[in-house]
Amino acid sequence: MPLGLPTLNSEEPNKISDWEERYISHDHIFDEIIELKSELKKLEEEAVELEKLPEKYNSISEFKTDLDNLRKKKENVDRLYQEKNIEYINTKNQLADKSYEEIKKEYSQIEEEFKKSIKKAENLIKVKKVMEEKLKEFDQKSFKPLVESFSYYIKKITGSKYNVVTFDEKYRIELSSSVRKIPVEKNFLSFGTYDSIALALKFSLVEQIYSDKKGFFILDDPLVNLDPERQKNTVKIISDLAEKYQIIFTTCSPLTAEKLGGNIIEI
């Protein structure tokens, strides 16, 4: 090879071939350059009109990263909203076919009944406290008349069907009938017998508490669970007691009101 003549790299012919295939000609390259410059100028003009980056960002890449994170959060929030909306629709479909106003009215009525029940319970607690204090005043000597009085009233109400077997200071009561002895537990008694015992105990307690003074007591529908014979017996007892004590009773039955008589107040 003569000195001074340039040598060609083995790869150069290939590069030239690639350039010719890609750029075609010099004129074509110039056209592309002009086109790119024109597009660059347009982008520069648009960039001038763009909002500036917020102060907390130091670069566009930092802003873009934060923006991407916010978009992901938004997607999650949108998805959660859709899930909750579907849950709301399903729950709504399961509700009763009642309007909000109807449900609100029912709620107000139930709330009022609940308040009345609370008030009634508070009053019962007060009565229970007074009764317990009075019962503590009973000594062994005064307890015997209570047992005798209770025995008298249970016989009168039931027509001597039941007699007292035991009645101790803890008010554990056991009765006997012509068939068997039965403990006074609600699970073992009929409603009629249970009410008969409750009335007899109430009458005997009133007699002991107000033995030397006037008093009053309240009965709530006292005949409701009694059979005709026991109703008749109880009406006679209440009439006799009314000569000494003031008796107030409530009832939903006009027939009961008629049997017990007295000054009837209709509410």
Side-chain angles (χ1 to χ4, degrees), residues 120-121 123-135 137-138 142-211 213-265:
K120 185 177 180 181
N123 292 334
L124 288 173
I125 290 172
K126 291 178 182 178
V127 172
K128 181 175 181 289
K129 185 177 180 181
V130 172
M131 291 296 296
E132 287 175 347
E133 290 174 353
K134 289 294 181 181
L135 292 174
E137 297 175 4
F138 288 168
S142 62
F143 191 77
K144 185 178 179 181
L146 175 64
V147 177
E148 292 174 350
S149 178
F150 173 76
S151 180
Y152 168 78
Y153 283 117
I154 195 64
K155 286 181 179 180
K156 292 288 286 184
I157 294 173
T158 64
S160 299
K161 182 177 179 180
Y162 292 100
N163 297 299
V164 178
V165 177
T166 57
F167 189 152
D168 59 23
E169 291 82 354
K170 293 184 179 180
Y171 292 84
R172 290 175 297 197
I173 301 170
E174 189 175 11
L175 304 179
S176 66
S177 68
S178 57
V179 180
R180 68 189 189 286
K181 293 181 180 180
I182 55 173
V184 177
E185 294 183 19
K186 192 170 183 179
N187 294 335
F188 299 147
L189 302 175
S190 67
F191 288 117
T193 301
Y194 188 84
D195 281 5
S196 298
I197 293 170
L199 284 169
L201 184 58
K202 180 173 288 189
F203 295 152
S204 56
L205 284 171
V206 167
E207 278 194 338
Q208 297 306 305
I209 294 172
Y210 299 113
S211 59
K213 54 187 174 181
K214 292 184 178 181
F216 74 95
F217 58 97
I218 300 172
L219 301 173
D220 182 20
D221 237 335
L223 309 181
V224 66
N225 290 320
L226 305 183
D227 59 40
E229 182 182 354
R230 292 182 185 182
Q231 286 187 9
K232 181 180 177 181
N233 297 337
T234 302
V235 168
K236 177 66 169 62
I237 293 172
I238 292 174
S239 298
D240 292 341
L241 290 172
E243 295 179 4
K244 184 177 180 180
Y245 308 106
Q246 181 181 11
I247 301 174
I248 301 170
F249 66 89
T250 61
T251 181
C252 297
S253 170
L255 186 60
T256 298
E258 183 181 345
K259 287 179 179 179
L260 292 174
N263 299 320
I264 298 176
I265 302 173

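What you see below is based on every heavy atom in this structure, not just the backbone, and it leaves out hydrogens, waters and symmetry mates.
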* When rounded to the nearest 0.5 angstrom, what is the spacing between CG in Leu260 and CD in Gln231? -> 9.0 Å
* Structure fact -> With sequence neighbours left out, the residues meeting side-chain hydrogen bond (donor to acceptor under 3.5 Å, both in side chains) with Asp221 are Thr251
* To do: Using only heavy-atom distances, determine whether the side chains of Glu207 and Tyr245 contain a donor-acceptor pair under 3.5 Å.
  => no
* Asked: Tell me, do Phe203 and Ile157 make a side-chain contact under 4.5 Å, heavy atoms counted?
  -> yes
* Structure fact -> Rounded to the nearest 0.5 Å, the CG atom of Leu223 sits from the CZ atom of Arg230 at a distance of 12.5 Å
* Asked: Between Glu174 and Thr166, is there a donor-acceptor pair closer than 3.5 Å when you use the side chain of the first and the backbone of the second?
  -> no
* **Positive for side chain to side chain contact (heavy atoms under 4.5 Å, CB included) with Ile154, one of Val164, Leu201, Leu199** => Val164
* **Side chain proximity check, Lys156 to Ile237, heavy atoms < 4.5 angstrom** => yes
* To do: Please assess Phe217 against Leu241 for the test side-chain contact (heavy atoms from CB on, under 4.5 Å), listing each intermediate value before the final yes or no.
  => CA-CA 10 Å; Phe217 58 97; Leu241 290 172; 4.1 Å; yes
* Could you walk me through whether Phe249 and Ile218 pass the side-chain contact (heavy atoms from CB on, under 4.5 Å) check? -> CA-CA 5 Å; Phe249 66 89; Ile218 300 172; over 6 Å; no
* Asked: Atom CG of Asp227 and atom CG of Asn233: how far apart are they, to the nearest 0.5 Å?
  -> 8.5 Å
* Asked: Yes or no on side-chain contact (heavy atoms from CB on, under 4.5 Å) for Leu205 and Leu146, after CA distance, side-chain angles and deciding distance?
  -> CA-CA 7 Å; Leu205 284 171; Leu146 175 64; 3.9 Å; yes
* **Spatial distance of atom NZ (Lys259) from atom OG (Ser253) [nearest 0.5 Å]** => 7.5 Å
* Asked: Would you call Ile247 and Phe216 a side-chain contact if the rule is heavy atoms closer than 4.5 Å?
  -> no
* Would you say the side chains of Ser176 and Asn163 form a donor-acceptor pair under 3.5 Å? -> no
* Asked: Got Leu219 and Lys202 here, is their nearest side-chain heavy-atom distance under 4.5 Å?
  -> yes
* Taking Ser151 for its side chain and Val147 for its backbone only, find out whether a donor-acceptor pair lies under 3.5 Å. => no
* Going through the checks in order, is the side-chain contact (heavy atoms from CB on, under 4.5 Å) test met by Lys161 and Glu229? -> CA-CA 12 Å; Lys161 182 177 179 180; Glu229 182 182 354; over 6 Å; no
* State whether the side chain of Asn225 and the backbone N or O of Gly192 hold a donor-acceptor pair below 3.5 Å, judged by distance alone. => no
* Asked: Can Thr193 and Ser196 be counted as having a side-chain donor-acceptor contact under 3.5 angstrom?
  -> no
* **Close side-chain approach of Leu175 to Ile197, heavy-atom, < 4.5 Å** => yes
